[in-house]
Novice: 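The structure under discussion is supplied below as structure tokens; questions concerning it will follow.
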Amino acid sequence: MEINLISDTVTKPTTEMLQVMFNAKVGDDVFKQDPTVNAFEKMVADLFGMESALFFPSGTMANQTAIKLNTNPGDQIICDKWSHIHLYEAGGASFNSGVNFNLLDGHRGMITAEQVKAGINDPEFYHAPLSKMVGIENTTNKGGGACYDMDELKKIRQVCVDHNLKYHLDGARLWNAMVVKKQHPKQFGELFDTISVCFSKGLGAPIGSVLLSDAETMHKALRIRKIFGGNMRQSGYLAAAGIYALQNNVNRLEEDHRRAKELGELLHQLPWIEKVEPAETNILIFEVKKHLDDKVVIEKLKAKGILISSMGQGKLRIVTHLDYRQVMHEYVLEALEKITF
């Protein structure tokens with residue numbers, strides 16, 4: 001038995017999801033004639049109370065499209081130094097949109113309104129890039145699944161309004177944040193100019209993210225998606241998985257959160273562990289004692305059929321997900337407890 005806790009992207013569609021995909025009514029989405037894609041986009045837009053939505057093959061492409069929509073070459077994006085759009089999108093912001101970053105030193109990947117305000121360049125000082133967009137990631141990936149408080153997001157929104165900045169939410173794991181914080185999608189739809197949400201992580205769909213905004217902005221997004229090569233044809237088979245995920249897999253995220261928390265509580269007690277970040281959602285980041293090689297820990301777990309990942313700088317990551325069942329969880333808890341050095 002192999003237990004893959006490297007990421008929540010490793011999940012495979014359930015039998016029920018596959019059946020829904022198999023039965024989907026499809027057309028050519030490039031001509032906006034796929035009924036399932038159209039229904040899916042409307043469902044997500046309505047859920048967030050936003051005018052329009054567009055289905056993308058990946059969260060990276062959705063984020064890159066938002067950056068292209070919200071900026072001009074030479075502009076600057078303000079975000080946390082651990083942001084996915086900065087660290088894990090292959091330099092796409094500079095390659096695709098010709099922008100740079102003002103990287104803020106937030107807390108576990110989260111920044112404050114005060115930091116954002118201090119990071120805005122004087123628009124009259126033409127020697128500096130023009131601050132144009134604030135990027136928020138919720139939950140934070142490298143921050144260990146940390147969630148923003150709604151009050152802080154509202155304060156950042158006000159800073160954006162006051163300084164004519166676009167406000168983008170990378171909501172790859174926003175579903176996790178909304179479940180743990182008991183928030184509603186419309187609370188986010190009211191705040192952000194653009195939002196990307198992913199369906200191939202905690203919700204268990206095989207492919208896809210959705211970008212949301214007002215109708216005029218999303219009409220422009222159609223062209224950018226085409227430029228980026230993101231047009232798909234009978235993508236209703238994939239959209240059907242997203243619809244199923246929305247209807248069946250949101251509330252069960254609580255199980256992933258519970259298991260991550262239980263793993264964190266156990267790790268706190270083990271003598272070879274240096275530090276464990278709080279497990280607020282489904283990502284657990286921890287560090288081993290300084291004299292130990294984290295690669296040895298990875299190999300010891302791999303020998304027991306358990307796969308985890310390294311975040312670099314001595315940090316290890318466990319991500320719980322849909323395919324990580326209770327019987328696996330009990331085995332992993334027992335295996336961690338038995339590891340010795």
Side-chain angles (χ1 to χ4, degrees), residues 3-22 24 26 29 34 36-37 39-41 43-45 47-48 53-66 84-85 87-90 92 137-142 145 169-179 185 188 194-212 221 225 228-253 255-257 260 281-283 307 309 317-325:
I3 302 173
N4 193 333
L5 299 175
I6 289 173
S7 177
D8 46 8
T9 59
V10 302
T11 59
K12 297 178 178 64
T14 60
T15 302
E16 295 79 10
M17 182 181 281
L18 285 170
Q19 193 60 50
V20 168
M21 295 169 69
F22 183 79
V26 298
D29 182 51
D34 188 302
T36 306
V37 173
F40 180 44
E41 290 174 344
M43 178 185 289
V44 181
L47 192 61
F48 282 84
L54 191 62
F55 187 36
F56 283 79
S58 74
T60 292
M61 187 181 286
N63 282 334
Q64 289 300 310
T65 297
H84 193 278
I85 58 172
L87 288 180
Y88 300 120
E89 297 188 5
E137 185 181 333
N138 194 27
T139 68
T140 63
N141 175 20
K142 198 168 180 180
L169 173 59
D170 174 0
R173 294 182 175 90
L174 184 61
W175 312 107
N176 297 83
M178 288 190 288
V179 166
F188 294 92
T194 50
I195 299 176
S196 67
V197 285
C198 184
F199 292 84
S200 63
K201 295 185 174 71
L203 297 194
I207 291 172
S209 286
V210 169
L211 184 65
L212 302 118
R225 186 181 69 171
F228 286 169
N231 279 4
M232 299 178 284
R233 299 294 179 175
Q234 287 72 38
S235 46
Y237 295 116
L238 302 174
I243 292 172
Y244 179 89
L246 271 182
Q247 293 173 337
N248 295 275
N249 291 345
V250 175
N251 290 335
R252 65 145 305 280
L253 291 171
E255 297 176 28
D256 300 340
H257 301 165
T281 52
N282 69 320
I283 301 177
L307 306 180
S309 61
R317 187 179 82 159
I318 290 174
V319 186
T320 56
H321 51 74
L322 178 67
D323 289 0
Y324 179 57
R325 300 183 297 278

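The first residue in the sequence is number 1, and the count goes up from there. Atoms considered below: every heavy atom in the structure, side chains included; atoms not considered: hydrogens, waters and symmetry mates.
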Novice: What distance separates I243 CD1 from E41 CD, expressed to the nearest 0.5 Å?
Specialist: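 That separation rounds to 10.0 Å.
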Novice: Search all heavy atoms of D170 against all heavy atoms of S196 and return the closest pair with its distance.
Specialist: CA-OG, 3.6 Å
Novice: Residues two or more places apart in sequence or in another chain: which of them pass side chain to side chain donor-acceptor pair (under 3.5 Å) with Q234?
Specialist: none
Novice: Can you list every pair that meets side-chain hydrogen bond (donor to acceptor under 3.5 Å, both in side chains) and has a residue in residues 197-212, with sequence neighbours left out?
Specialist: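 Not a single pair qualifies under side-chain hydrogen bond (donor to acceptor under 3.5 Å, both in side chains).
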Novice: For a side chain to side chain contact (heavy atoms under 4.5 Å, CB included) with M232, tell me which candidate from D34, L238, V37 qualifies.
Specialist: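 Of all the options given, the one that passes is L238.
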Novice: Can you find a pair of side-chain heavy atoms, one from V10 and one from D323, that are under 4.5 Å apart?
Specialist: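 They are not in side-chain contact.
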Novice: Salt bridge or not for D256 and R173, using N-O below 4.0 Å?
Specialist: no
Novice: Please name the pair of heavy atoms, one in C198 and one in A172, separated by the smallest distance, quoted to 0.1 Å.
Specialist: CB-O, 3.3 Å
Novice: Who pairs with H257 by ring-ring contact (aromatic ring centres under 6.0 Å, His included), at least two apart in sequence or on another chain?
Specialist: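 Listed in chain order: nothing, the list is empty.
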Novice: Nearest 0.5 Å, please: how far is OG in S58 from CD in E89?
Specialist: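 E89 atom CD to S58 atom OG measures 8.0 Å (nearest 0.5 Å).
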Novice: What is the minimum heavy-atom distance between M21 and P206, and which atoms define it?
Specialist: CE-CG, 3.9 Å
Novice: Just one of T320, D8, T139 clears the side chain to side chain donor-acceptor pair (under 3.5 Å) bar with N282, so which one?
Specialist: D8
Novice: Are the side chains of W175 and V179 in touch, meaning some heavy atoms are under 4.5 Å apart?
Specialist: no
Novice: Does R325, at its CZ atom, have more than 12 non-hydrogen atoms belonging to other residues, nucleotides or ligands within less than 6.0 Å?
Specialist: no
Novice: Say you draw a straight line from CD of Q247 to CG of L203; how long is it, rounded to the nearest 0.5 Å?
Specialist: 12.0 Å
Novice: Quick check for you: to the nearest 0.5 Å, what is the distance between F56 atom CZ and I207 atom CD1?
Specialist: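 The CZ atom of F56 sits 15.0 Å away from the CD1 atom of I207.
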Novice: When rounded to the nearest 0.5 angstrom, what distance separates CG in N248 from CE in M17?
Specialist: 8.0 Å
Novice: Under the 3.5 angstrom rule, does the side chain of T36 hit a backbone N or O of A239 as a donor-acceptor pair?
Specialist: no
Novice: Run the side-chain contact (heavy atoms from CB on, under 4.5 Å) test on V44 and F199 for me, step by step, so that the C-alpha distance in whole Å, both residues' side-chain angles and the decisive distance to 0.1 Å come before the verdict.
Specialist: CA-CA 11 Å; V44 181; F199 292 84; 3.9 Å; yes
Novice: Under the side chain to side chain donor-acceptor pair (under 3.5 Å) test, which residues partner S309, sequence neighbours left out?
Specialist: none
Novice: So do T65 and T194 actually touch side chain to side chain, heavy atoms under 4.5 Å?
Specialist: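 No - every pair of side-chain heavy atoms lies 4.5 Å or more apart.
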Novice: Is any side-chain heavy atom of R317 closer than 4.5 Å to one of N141?
Specialist: yes
Novice: Quick one, H321 and L5 - any side-chain contact, counting heavy atoms below 4.5 Å?
Specialist: yes
Novice: Going by the rule salt bridge (Lys or Arg N to Asp or Glu O under 4.0 Å), which residues pair with E255 if we only count those two or more places apart in sequence or in a different chain?
Specialist: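 E255 satisfies salt bridge (Lys or Arg N to Asp or Glu O under 4.0 Å) with R259 only.
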Novice: Any side-chain heavy atom of F48 within less than 4.5 Å of one from V210?
Specialist: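 F48 vs V210: side chains apart.
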Novice: Quick one: ring-ring contact (aromatic ring centres under 6.0 Å, His included) partners of F55, sequence neighbours excluded?
Specialist: F40
Novice: Given side chains that start at C-beta, do those of L322 and N249 come closer than 4.5 Å, heavy atoms only?
Specialist: yes
Novice: Using side-chain contact (heavy atoms from CB on, under 4.5 Å), reason through F188 and L212 one step at a time and then give a plain yes or no.
Specialist: CA-CA 11 Å; F188 294 92; L212 302 118; over 6 Å; no
Novice: What distance separates Y244 OH from Q19 CD, expressed to the nearest 0.5 Å?
Specialist: 11.0 Å
Novice: Do you know the tightest heavy-atom contact between P57 and G230?
Specialist: CD-O, 3.7 Å
Novice: Please report the C-alpha distance between T60 and H84 in whole Å, then the side-chain angles of each, then the deciding distance to 0.1 Å, and finally whether the side-chain contact (heavy atoms from CB on, under 4.5 Å) criterion is met.
Specialist: CA-CA 9 Å; T60 292; H84 193 278; 3.8 Å; yes
Novice: State, with a plain yes or no, whether a side-chain heavy atom of L211 is found less than 4.5 Å away from one of R225.
Specialist: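 No - every pair of side-chain heavy atoms lies 4.5 Å or more apart.
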